[in-house]
Amino acid sequence: MKPVFALCPLLLAHVALAAEKPKTPTPPPVKGAVQMAGDNGQIGTTYTIGATGPLNFTLNSAEFTATRALFGEATIAPKSDEKLLLLKGTIHNPNKDLTGFDWGTLRFTAIDPNDANHEYENAVAKMGSNEVINVELKPAQKMDVFYVIRVPIKGPIPKLMVAHQSGGKVLRYDLRKVAKALPAPFADSADASGATGLSEIKSEVGTFYPLQNFDVKLVGTTFQDGKLGEFEPEEGKRFLVATVVIKNAGATAAYYDASTFAAALTDGEGEKSDSMGFLKTTRPEGASGDLKPGAEYTGRFFFALPKDGKAKTLSLSEGESRTFHFDVSNTK
């Protein structure tokens, strides 16, 4: 008996194709949320920005600081009327090809309450080090980085703008409630938000404070009658000697001498006098030299004041740094 039916050639072809194992498509590059015009960026959210050679960017945190930031051999220190806005983020290459990244790839602008723009320092470095970055990112490669912007010492930063050098959409962040406040003793207690800093700091003996290239610590003060080496006080006066430790907190060797620092003494009558010099501790000679990064040196500032006068405040600064004031009224 002949079969009732037979598979036609076309049906056999469909059966053969159905038996083949389907191929898994290659997944597209992972990209973040695309920033749309008028939208605001959010801390911790990843965005893809850039018209060409786009990058994924995540702003992980923003904080105000009164101390310096190091980028390679460059030291970025705030002036007395500034604070630094420290931006920590993650960059990620979502492309299938190598993609260049350096300080100019992403651009940052902080806008203060007076609508003044403040551009970022032309540097980007790896988190956990001060190594500057100029690399070709591999596909899917990620890197944690940081930037800084000099901003006014007073008030918050209502807007931070982040743009890619190739154009495209711009990220806009409102930092008024998310930027970490300045820590004590740098914050002005009159501003509950912690966004306003002080240019004059009440300081404690035995604690290091950041100047410009150097940190400084007051060890103690003492009165001295009579000569101090070749220096002799005028009749009716005596010396106050202030022993300090300076530390090179920069990234390269730094030179110091009496002109590096501004040291002043205010007496009980409110009269102010400048230091007469910076001396070695082992002998009354002028102190000067180079300090390597992280190295410390102990020296002495000295001042002349009336024998019956009382010391009140010792003030120290370096260049355009903040001024740190120490109560020395208990000097003996």
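Here the structure is a predicted model, which is why all the values come from computation and not from measurement.
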Any residue meeting salt bridge (charged side-chain N to carboxylate O under 4.0 Å, His left out) with [X], in chain and number order, not counting sequence neighbours:
X      : result
Arg176 : Asp174
Lys126 : Glu131
Glu230 : none

Please tabulate, for side-chain N and O atoms in residues 68-84, each donor-acceptor pair with protein atoms closer than 3.5 Å (sequence neighbours left out).
from, atom 1, to, atom 2, distance (Å)
Arg68, NE, Gln212, O, 2.7
Arg68, NH1, Asp215, OD1, 3.1
Arg68, NH2, Gln212, O, 3.3
Arg68, NH2, Phe214, O, 3.2
Arg68, NH2, Asp215, OD1, 2.8
Glu82, OE1, Lys79, N, 2.9
Glu82, OE1, Arg150, NH1, 2.9
Lys83, NZ, Pro152, O, 2.5
Lys83, NZ, Ile153, O, 3.3
Lys83, NZ, Gly155, O, 2.9
Lys83, NZ, Ala195, O, 2.8

> Do Glu296 and Lys217 sit within salt-bridge range, that is, some charged N less than 4.0 Å from a carboxylate O?
Replying inline: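 No, no charged N to carboxylate O under 4.0 Å.
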Test item: [X] and [Y] side chains (from C-beta on) under 4.5 Å apart, heavy atoms:
X      : Y      : answer
Ile246 : Leu211 : no
Tyr120 : Val148 : no
Asn40  : Gln42  : yes

Do any side-chain atoms of residues 219-226 form donor-acceptor pairs under 3.5 angstrom with protein atoms, and if so which ones, sequence neighbours left out?
from, atom 1, to, atom 2, distance (Å)
Thr221, OG1, Thr331, OG1, 2.6
Thr222, OG1, Lys332, O, 3.2
Gln224, NE2, Lys227, O, 2.9

Under 3.5 Å, sequence neighbours excluded: what are the donor-acceptor pairs made by side chains of residues 268-280?
from, atom 1, to, atom 2, distance (Å)
Ser275, OG, Gly277, N, 3.1
Ser275, OG, Gly277, O, 2.9
Lys280, NZ, Glu285, OE1, 3.4

In this structure, OG of Ser317 is separated from CD1 of Ile201 (nearest 0.5 Å) by 12.0 Å
Asn95 and Asn93: side chain to side chain donor-acceptor pair (under 3.5 Å), yes or no, with the steps? CA-CA 6 Å; Asn95 307 300; Asn93 179 13; 2.9 Å; yes
Tell me, please, which residues at least two apart from [X] pass side chain to side chain contact (heavy atoms under 4.5 Å, CB included).
X      : result
Asp188 : Ala190, Thr196, Leu198
Glu136 : Leu98
Thr105 : Leu55, Phe101, Asp102, His164, Gln165
Pro183 : Phe186

Legend entry - Passing option when Thr58 is tested against Thr90, Asp144, Thr46 for side-chain hydrogen bond (donor to acceptor under 3.5 Å, both in side chains):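 With Thr58 as partner, side-chain hydrogen bond (donor to acceptor under 3.5 Å, both in side chains) holds for just one option, Thr46.
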- Task: Output every pair passing salt bridge (charged side-chain N to carboxylate O under 4.0 Å, His left out) with a member in residues 301-315, not counting sequence neighbours, ordered by first then second residue.
- Result: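 Not a single pair qualifies under salt bridge (charged side-chain N to carboxylate O under 4.0 Å, His left out).
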- Message: Determine whether a donor-acceptor pair (N or O, by modelled atom type, separation under 3.5 Å) exists between the side chain of Asn248 and the backbone of Thr252.
- Response: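 Looks like yes, one N/O pair under 3.5 Å.
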Lys247 to Phe208 six-membered ring, cation-pi geometry met (6.0 Å, 45°) =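 Because its charged atom sits under 6.0 Å from the ring centre and within 45° of the axis, Lys247 does stack over Phe208.
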task: Inspect the surroundings of CD in Glu204 and state if more than 12 heavy atoms from other residues, nucleotides or ligands are less than 6.0 Å away.
output: no
Which residues, ordered by chain and number, are linked to Tyr255 in its hydrophobic cluster, where ILVMFWY side chains connect at heavy-atom gaps below 4.5 Å, directly or through other members?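 Once heavy-atom contacts under 4.5 Å are chained together, Tyr255 still belongs with nothing else.
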